[in-house]
Trainee: 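Have a look at this one before I ask anything.
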Amino acid sequence: MQENFSKKISSALVLLIIFAVMLELNNLMPLHRDDFDYSMIWKTGEHLSTFEDVIESTERHYFLHGGRAFTVFCLSLFLWLGKFAFDFANALMFAALIVLIYLHARREINFDAPKILAAAGVLAWLCLPHFGEVAIWKSGSTVYLWSAVPAALFLLPYNLTLAGKNFGNSIIFAALMFLLGIIAGCSVENLAVTVTLLTAGIIFYWRRKNKLPLWMVAGNAGNILGLIILLAAPGNFVRYDEQGSGKGILIHIGNQFAGNGEMLIFLLPLILLLICAFSNKKNFSAETSNKKILAVTGILILSYFCDSFLARAFKDFFIVNIFPLFNPSTKFIDHFENFIMKSEEFIIYALILWIIFKRVRSSITNGGGLKLKDFRYSEFLFALALLNNFVMIAAPTFPARATFSSVVMILIGALVILRNSEIQEKLFEGQTGKIIKTGAAVLTGFTVLSAIFITANLREENDKRVAIIQDAAEKKIEVVKFPPLEIRNRALRHVFFADFDNNVTKEGLCEFYGIKNIEVGELSAAELKNFENLQATKK
């Protein structure tokens with residue numbers, strides 16, 4: 001009894017840490033890009049000032065841009081309520097996602113496995129694609145995170161029923177499942193289709209052997225209604241005409257390769273972990289990490305947290321000594337700078353990952369008797385994730401962020417494997433366990449600290465620039481000029497931010513604050529001095 005209570009306290013502490021980290025990152029992340037558009041009644045330029053404005057904006061968006069009524073309503077509502085309310089709710093929503101991943105993996109309501117809960121949090125942090133865009137940025141998180149949570153909650157009774165739990169046949173529960181089904185059905189397109197097909201399949205399977213409960217049918221009916229609301233929105237056809245016109249089937253197929261390929265890159269830590277889980281010791285030689293690799297990694301980490309002095313030196317060498325030989329365009333140089341400044345963090349990440357992988361390989365003492373086929377539930381979830389991605393073949397684009405819900409399914413399947421007693425003994429006990437736990441702490445710590453450090457700097461710079469824009473608007477100055485942001489690192493996509501000349505950001509900012517244009521580029525000496533003076537007054 002005492003041990004079980006202690007585990008539940010530990011689970012609560014894990015969730016508290018996850019919530020605290022996410023709250024801090026959300027607090028540091030400023031309004032950005034589409035956030036300004038959704039802070040106004042859709043395409044009117046009028047700021048949200050009442051709850052009726054939120055309803056009107058959601059309705060206008062439905063008819064002019066897309067059918068994601070639930071997520072757009074939530075986005076507009078919390079932007080109206082204020083940034084702190086949104087920050088708190090978004091952090092809470094991410095913690096809820098971790099709980100739901102854990103419960104789907106456990107297939108029972110029990111919080112006596114804090115290590116599995118912690119693993120869910122670490123893997124979600126490391127593996128969810130474009131994390132800053134889908135879990136911290138407000139417009140992105142409401143589309144992906146806020147779609148995944150109600151969908152996972154809706155599917156939980158279906159999953160637990162298949163695992164043996166009885167939810168009865170209450171009309172009240174059926175009504176709740178119907179409403180939740182509508183929300184899950186009008187969330188984000190690929191997830192809505194997958195959830196509807198999945199619940200229909202479960203109903204077909206269940207009715208062959210058991211009496212069909214009312215809530216199952218009601219939930220699927222809600223799904224279908226929500227999906228119709230989502231797909232039949234007039235705004236979908238408006239947006240498709242803008243984004244999808246003229247794109248043939250080969251483009252759609254190519255999108256599948258790009259989207260799935262980028263998803264696999266983000267899943268690399270999990271893939272390597274599963275390779276170790278199913279590998280046989282006899283295939284490995286005794287390997288230890290090269291001390292030179294450790295030294296290089298340490299120097300790169302020092303550089304990274306000291307204004308990336310190595311990356312900047314490499315970049316400046318090419319710009320000063322090599323580029324003048326063939327006179328590249330300004331756009332090419334800008335892309336080169338972005339690539340170099342963002343490569344340093346990926347190299348650090350890859351080196352740490354490689355060191356951990358090699359050390360784990362050399363420390364494994366147990367055999368590899370288990371195979372993936374021993375985990376039918378995991379296999380099903382992996383296949384479902386691929387189906388969820390394939391649904392995107394109908395979309396004009398398939399960015400990696402759209403694989404969010406698929407990665408959640410993969411994480412659930414992976415946790416089912418990792419909580420197996422044989423694999424836990426193989427990977428998480430003894431020397432191997434120490435290496436994996438230390439490695440996970442290093443990888444997570446590096447990316448969390450990087451994300452907080454970069455986001456804090458971006459927030460400070462953003463606040464100064466927004467204050468200058470507000471001042472310009474009050475003085476009826478139509479055009480505001482800024483030098484380019486010096487901050488290029490994005491902590492492996494855990495930070496999502498673009499400079500103020502990004503068209504989406506610029507148009508929203510200009511409309512929101514009532515100025516004509518924002519220009520970002522090299523400033524004259526007089527303009528630069530004026531900008532620095534303005535910054536100093538806005539501190």
Trainee: Sequence neighbours left out, what pairs pass salt bridge (Lys or Arg N to Asp or Glu O under 4.0 Å) with at least one residue falling in residues 47-75?
Mentor: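 Counting only pairs at least two positions apart or across chains, the salt bridge (Lys or Arg N to Asp or Glu O under 4.0 Å) contacts touching residues 47-75 are Arg68-Glu189.
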Trainee: Quick one: side-chain hydrogen bond (donor to acceptor under 3.5 Å, both in side chains) partners of Arg459, sequence neighbours excluded?
Mentor: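 For Arg459, the residues satisfying side-chain hydrogen bond (donor to acceptor under 3.5 Å, both in side chains) (neighbours in sequence not counted) are Asp463.
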Trainee: Main chain of Met22, side chain of Asn26: is a donor-acceptor contact present, judged purely on distance under 3.5 Å?
Mentor: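 Yes, because the side chain of Asn26 sits within donor-acceptor range (under 3.5 Å) of the backbone of Met22.
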Trainee: Side chain of Ser406, backbone of Ala385: donor and acceptor closer than 3.5 Å?
Mentor: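 Yes, the answer is positive, given that a donor and an acceptor are paired below the 3.5 Å cut-off.
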Trainee: Under the side-chain contact (heavy atoms from CB on, under 4.5 Å) criterion, do Thr297 and Ile355 qualify, and how do the steps go?
Mentor: CA-CA 10 Å; Thr297 305; Ile355 291 168; 4.0 Å; yes
Trainee: Counting N and O atoms only, with roles assigned by atom type, does the side chain of Ser405 sit under 3.5 Å from a partner on the main chain of Ala148, one being a donor and the other an acceptor?
Mentor: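 Not a single qualifying donor-acceptor pair exists.
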Trainee: Which residues pass the salt bridge (Lys or Arg N to Asp or Glu O under 4.0 Å) test with Arg33, sequence neighbours left out?
Mentor: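 Testing Arg33 for salt bridge (Lys or Arg N to Asp or Glu O under 4.0 Å), a comparison that skips the adjacent residues, returns none.
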Trainee: Mark yes when over 12 heavy atoms from residues, nucleotides or ligands other than Phe346 sit less than 6.0 Å from its CZ; otherwise mark no.
Mentor: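 Check fails, neighbour count at 12 or below.
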Trainee: Kindly state each residue pair satisfying ring-ring contact (aromatic ring centres under 6.0 Å, His included) with at least one member in residues 455-477, sequence neighbours excluded.
Mentor: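 For residues 455-477, and leaving out neighbouring residues, there are no ring-ring contact (aromatic ring centres under 6.0 Å, His included) pairs at all.
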Trainee: Which pairs would a plain distance check flag for residues 511-521, meaning a side-chain donor or acceptor within less than 3.5 Å of a matching protein atom at least two apart in sequence or in another chain?
Mentor:
| residue | atom | partner | partner atom | Å |
| --- | --- | --- | --- | --- |
| Glu511 | OE2 | Gly45 | N | 3.4 |

Trainee: So, taking the atom named NE2 in His47 and the one named CE in Met40, what distance separates them when rounded to the nearest 0.5 Å?
Mentor: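 Rounded to the nearest 0.5 Å, the NE2-CE separation comes to 6.0 Å.
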Trainee: Look only at the side chain of Thr455 and the backbone of Ile452, and say whether a donor-acceptor pair between them is shorter than 3.5 Å.
Mentor: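 Judged by distance alone, no pair lies under 3.5 Å.
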Trainee: Determine whether the aromatic ring centres of Phe332 and Phe339 lie less than 6.0 Å apart.
Mentor: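 Between Phe339 and Phe332, which both carry aromatic rings, the centre distance is not below 6.0 Å.
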Trainee: Side chains of Val408 and Phe404: does their closest heavy-atom pair fall under 4.5 Å?
Mentor: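 Contact flag for Val408/Phe404 side chains = yes.
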Trainee: Test of understanding: with side-chain hydrogen bond (donor to acceptor under 3.5 Å, both in side chains), list the residues that count as partners of Ser450, not counting sequence neighbours.
Mentor: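 By the side-chain hydrogen bond (donor to acceptor under 3.5 Å, both in side chains) rule, Ser450 matches no residue at all.
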Trainee: Side chains of Ile183 and Phe154: closer than 4.5 Å at any heavy-atom pair?
Mentor: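 Not touching, per the 4.5 Å side-chain cut-off.
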Trainee: What do the steps show when you test Val448 against Trp125 for side-chain contact (heavy atoms from CB on, under 4.5 Å), and what is the final call?
Mentor: CA-CA 9 Å; Val448 167; Trp125 171 264; 3.5 Å; yes
Trainee: Side-chain contact, heavy-atom cut-off 4.5 Å: Asp34 with Trp137?
Mentor: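 Heavy-atom side-chain distance check passes, below 4.5 Å.
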Trainee: Taking side-chain hydrogen bond (donor to acceptor under 3.5 Å, both in side chains) as the test, write out the residues that go with Tyr38, two or more places apart.
Mentor: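 Once residues adjacent in sequence are excluded, the partners of Tyr38 under the side-chain hydrogen bond (donor to acceptor under 3.5 Å, both in side chains) criterion are His61.
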Trainee: Of all residues at least two apart in sequence or in a different chain, which pass the salt bridge (Lys or Arg N to Asp or Glu O under 4.0 Å) check with Arg312?
Mentor: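 Scan of Arg312 (salt bridge (Lys or Arg N to Asp or Glu O under 4.0 Å), adjacent residues dropped) gives Asp307, Glu486.
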Trainee: How about CZ on Phe257, more than 12 heavy atoms from neighbouring residues, nucleotides or ligands closer than 6.0 Å, or not?
Mentor: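 Not buried by this count: 12 neighbours or fewer within 6.0 Å.
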Trainee: Please assess Ser141 against Ile136 for the test side-chain contact (heavy atoms from CB on, under 4.5 Å), listing each intermediate value before the final yes or no.
Mentor: CA-CA 6 Å; Ser141 60; Ile136 300 173; over 6 Å; no
Trainee: Check whether any side-chain heavy atom of Asn462 lies under 4.5 Å from a side-chain heavy atom of Leu458, and answer yes or no.
Mentor: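 Counting from C-beta outward, Asn462 and Leu458 never come under 4.5 Å.
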Trainee: Do Asn502 side-chain atoms and Thr505 backbone N/O form a donor-acceptor pair below 3.5 Å?
Mentor: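 Pair found, side chain donor or acceptor close to backbone of Thr505.
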Trainee: Mark yes or no for whether Asn236, through its side chain, and Leu231, through its backbone, hold a donor-acceptor pair below 3.5 Å.
Mentor: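 Side chain of Asn236 to backbone of Leu231, a donor-acceptor pair under 3.5 Å: yes, one is there.
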Trainee: Is the closest side-chain heavy-atom distance between Leu75 and Phe86 below 4.5 Å?
Mentor: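 Sidechains of Phe86 and Leu75: in contact.
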Trainee: Counting C-beta onward and ignoring hydrogens, is there a side-chain heavy-atom pair between Pro484 and Asp499 closer than 4.5 Å?
Mentor: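 Yes; the side chains approach each other to less than 4.5 Å.
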Trainee: Mark yes when over 12 heavy atoms from residues, nucleotides or ligands other than Lys315 sit less than 6.0 Å from its NZ; otherwise mark no.
Mentor: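 Yes, because the 6.0 Å sphere around NZ of Lys315 holds more than 12 heavy atoms from other groups.
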Trainee: Applying salt bridge (Lys or Arg N to Asp or Glu O under 4.0 Å), name anything that partners Asp87, two or more places apart in sequence or on another chain.
Mentor: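 Counting only residues at least two positions away or on another chain, Asp87 forms a salt bridge (Lys or Arg N to Asp or Glu O under 4.0 Å) with Lys83, Lys138.
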Trainee: Does Asn388 use its side chain to pair, donor to acceptor, with the backbone of Thr194 at less than 3.5 Å?
Mentor: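 No, the answer is negative, given that no donor and acceptor are paired below the 3.5 Å cut-off.
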Trainee: Whether the side chain of His32 engages the backbone of Ala498 through a donor-acceptor N/O pair (distance < 3.5 Å, no angle test) should be reported.
Mentor: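 Between the backbone of Ala498 and the side chain of His32 there is a qualifying donor-acceptor contact (under 3.5 Å).
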Trainee: My understanding is that only residues two or more places apart in sequence, or in another chain, count here; which of them pass salt bridge (Lys or Arg N to Asp or Glu O under 4.0 Å) with Glu337?
Mentor: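 Residues passing salt bridge (Lys or Arg N to Asp or Glu O under 4.0 Å) with Glu337: Arg488.
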Trainee: Verify side chain to side chain donor-acceptor pair (under 3.5 Å) between His130 and Arg401, making sure each step is shown before the conclusion.
Mentor: CA-CA 6 Å; His130 294 236; Arg401 63 178 180 268; over 6 Å; no
Trainee: Quick one: which residue pairs count as a salt bridge (Lys or Arg N to Asp or Glu O under 4.0 Å) with a foot in residues 143-152, not counting sequence neighbours?
Mentor: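 Passing the test, one end in residues 143-152: no pairs.
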Trainee: Going by the angle between their ring planes, with limits at 30° and 60°, are His65 and Trp42 parallel, tilted or perpendicular?
Mentor: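 Ring orientation, 0 to 90° scale: tilted.
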Trainee: Could you check whether atom CZ of Phe390 has more than 12 heavy atoms from other residues, nucleotides or ligands sitting under 6.0 Å from it?
Mentor: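 Atom CZ in Phe390 is not crowded, with 12 or fewer foreign heavy atoms closer than 6.0 Å.
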Trainee: For a ring pair (Phe, Tyr, Trp, His ring centres under 6.0 Å) check, start with the C-alpha distance between Phe336 and Phe323, then their side-chain angles and the critical distance, and finish with the verdict.
Mentor: CA-CA 11 Å; Phe336 174 80; Phe323 286 176; 4.8 Å; yes
Trainee: Do any N or O atoms from the side chain of His494 and from the backbone of Ala491 form a donor-acceptor pair under 3.5 angstrom?
Mentor: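 At least one qualifying donor-acceptor pair exists.
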Trainee: Less than 4.5 Å apart, side chain to side chain, heavy atoms only: is that true for Trp146 and Phe78?
Mentor: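 Yes; the side chains approach each other to less than 4.5 Å.
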Trainee: Check side-chain hydrogen bond (donor to acceptor under 3.5 Å, both in side chains) between Thr444 and all other residues, then give those that pass, not counting sequence neighbours.
Mentor: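 Result, side-chain hydrogen bond (donor to acceptor under 3.5 Å, both in side chains) vs Thr444: none returned.
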Trainee: Using a 3.5 Å distance criterion without hydrogens, assess whether the side chain of Trp80 forms a donor-acceptor pair with backbone atoms of Ser49.
Mentor: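 Confirmed, Trp80 side chain pairs with Ser49 backbone.
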Trainee: Within a strict 4.5 Å, meaning less than it, do heavy atoms of the Pro150 and Leu180 side chains meet?
Mentor: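 Of all side-chain heavy-atom pairs linking Leu180 with Pro150, at least one is under 4.5 Å.
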Trainee: When you look at Asn260 and Leu386, which way does the side-chain contact (heavy atoms from CB on, under 4.5 Å) test go after all the steps?
Mentor: CA-CA 8 Å; Asn260 282 283; Leu386 294 177; 4.2 Å; yes
Trainee: Please state whether the rings of Phe446 and Tyr304 are parallel, tilted or perpendicular, taking 30° and 60° as the class boundaries.
Mentor: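 It falls in the tilted class, 30° to 60°.
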